[in-house]
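What follows is a set of notes on a single structure, which appears directly below.
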Amino acid sequence: MFAHIDVNSFYASCEKVFRPDLDNEPIIVLSNNDGCVIARSQEAKALGIKMGHPYFQLSAQFIEQHNIQVFSSNYALYADMSNRVMETLERLTPAIEIYSIDEAFCQLATHSPSLELEQIGKTLKDTVKQHTHLAVGVGIAPTKTLAKLANYAAKKWQKTQGVVDLSNRIRQHKLMAITPVEEVWGIGRRLAKQLNVLKINTALDLAKLSPHEARKKFNVIVERTVRELNGESCLTLDNIHEPRKQIICSRSFGEKVTELEVMQAAICNYTAKAAEKLRHDKQYCKHITVFIKTSPFVPNSPYYSNYSSEVIAATNDTRELLTAAQNILQRIWQPNKHYQKAGVILNDFCDNETNQFDLFIDHHKKTRNGDLMQVIDKINYSHLGKIFFASQGVNGQWHMKQNRLSPAYTTRIADIATVKL
DNA sequence: TCTGGGGTCCTAGGACCC
DNA sequence: TCTGGGGTCCTAGGACCC
């Protein structure tokens, strides 16, 4: 039996935890560069603010009229709060898969009678609330897809009080019959459209499709979804954390970039950041891509987007990656353009054991480089200050907008809230 | 003026091998 | 008229997720 747990309006709720004065106020959280709305409190949703809506299109009047509180994304806060939620769940269940920053699947004992399952769900919910002040929804079912669906119901219907036990086959059918097919996990907008053409409108319609047909008309993922909806568990709990296969570091610029030197500094910063992540994962990469693009939204101005890659000897040394990244940038840079965004992608990873060495380099030197990177990371993770490469530049003209950032309440000593008596 | 960032998996088709 | 069979590896593109 699986339990699916996710935090209600996660980013918005994190902002509220340390601002009890905002308890019943509408609040929204913006994407990087203060671009789009990516989280909304219940009150903001009620005002009709849509997920992904460009922030600049919300009028100042509208915001003032409803007293909407606006926040830039504060990932230091969200990541720390996420850890607290996950640690709580880890302590309460035999096994857990952390699926995203605000979601997890937990394993439950299969022999539990129904009443007990619901009780377990309540305990999970209440304990997370007690530990973190965050409200979660809990869905319980014999497959992951059904557990997700149960959680959808837990959110949608108040009287469930945030916990739905969907272990019963009849209840599964009842819920599926009134759930639009696009709410099913793995069915996105495009698939939903294609399914609707075939008169498959609800989750139950999809469940009634034969797995064979699902495979033939669509693909193996849809087939698995059909089986899962029918109680056949195809997706297991992934509790061993696989290392990631790709690292992307990209940002939109606060102001459009027109100078090569500014772009170089930005690219070097993204590269250094990506390399740091790579070393943190104890991995090496053999492929690096750099991309730059102008805004696709400016009328009468041709959109330019380009990327290029280099294959390199396996490395996680920032200097080698910086050299490659700068070479690539030279190839794709075009002057007289207003660049809106750029990024660096690392691919083709290997670990130390499977790392094939370059025939033409001095391996003793290579080891010493590894030591140097370790020292840099150690300094930067400590509170001693930060060190960086000269190519990263010092004036940060390319930095993203973050005008409404809340304090790092839980991760920076100076930002810890004080209580006045 | 202003429109996010970071991932995964699957498939078809091309290129190659014997 | 008629031109094999069985593979692997790689990549781009499409779909999905949060």
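Just so we're clear, the structure is a prediction, and the values are computed from it rather than from any experiment. Letters A, B, ... mirror the listed sequences (proteins, then strands); counts begin at 1.
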Quick one: does any side-chain atom of [X] pair with a main-chain N or O of [Y] as donor and acceptor, under 3.5 Å?
X	Y	answer
A:Ser9	A:Arg40	yes
A:Lys16	A:Asp23	yes
A:Ser305	A:Lys293	no
A:Gln172	A:Leu166	yes
A:Arg404	A:Ser72	no

Just by distance, no angles: are the side chains of A:Asn67 and A:Glu25 close enough, under 3.5 Å, to form a donor-acceptor pair? yes
Decide whether A:Glu228 and A:Asn230 meet the rule of one side-chain donor and one side-chain acceptor closer than 3.5 Å. no
Would you mind classifying the nucleic acid contact of [X] as base, sugar-phosphate or nothing, using non-hydrogen atoms under 4.0 angstrom?
X	result
A:Tyr55	nothing
A:Ile187	sugar-phosphate
A:Ile101	nothing
A:Arg215	nothing
A:Asp34	nothing

What residues 248-261 of chain A contributes to the DNA chain B interface at heavy-atom separation below 4.0 Å is A:Ile248, A:Cys249, A:Ser250, A:Arg251, A:Ser252, A:Lys256
Scan residues 58-93 of chain A against DNA chain B and write down, sorted by residue number, each residue with any heavy atom closer than 4.0 Å; if none is found, say none. none
Taking the side chain as every heavy atom from C-beta outward, state whether A:Asp377 and A:Ile379 have any pair of such atoms under 4.5 Å apart. no
Assuming nearest nucleotide by heavy-atom distance, tell me which of A:Cys36 and A:Arg244 is located more 5' along DNA chain B. A:Cys36
A:Ser295 or A:Gln246: which one's nearest nucleotide on DNA chain B is closer to the 5' end? A:Ser295
Ordered by number, residues from residues 190-200 of chain A within less than 4.0 Å of DNA chain C (heavy atoms) are A:Arg190, A:Leu191
Residue pairs fulfilling side-chain hydrogen bond (donor to acceptor under 3.5 Å, both in side chains) with at least one residue in residues 385-395 of chain A, sequence neighbours excluded: A:Asn269-A:Gln392
Ionic contact status for [Y] with [X], cut-off 4.0 Å:
X	Y	answer
A:Glu223	A:Arg227	yes
A:Lys216	A:Glu213	yes
A:Arg331	A:Glu310	yes

Aromatic rings A:Trp398 and A:Tyr270: how do their planes relate, parallel, tilted or perpendicular, breaks at 30° and 60°? perpendicular
Parallel, tilted or perpendicular: which one describes the rings of A:Tyr78 and A:Tyr11, with boundaries at 30° and 60°? parallel
Audit row: A:Lys122, A:Asp126, salt bridge (Lys or Arg N to Asp or Glu O under 4.0 Å) steps and yes/no: CA-CA 6 Å; A:Lys122 280 208 174 81; A:Asp126 293 344; over 6 Å; no
Given the rule that a pair is Watson-Crick or G-U wobble with both distances under 3.5 Å, how would you write DNA chain B in dot-bracket, using | for pairs to a different strand? ....||||||||||||||
I would like to know whether A:Lys148 and A:Glu103 meet salt bridge (Lys or Arg N to Asp or Glu O under 4.0 Å); could you show each step before the answer? CA-CA 10 Å; A:Lys148 274 276 236 186; A:Glu103 273 180 68; 2.8 Å; yes
I'd like the 5' and 3' limits of the part of DNA chain C contacted by chain A, with heavy-atom contacts below 4.0 Å. C:dA15 to C:dC18
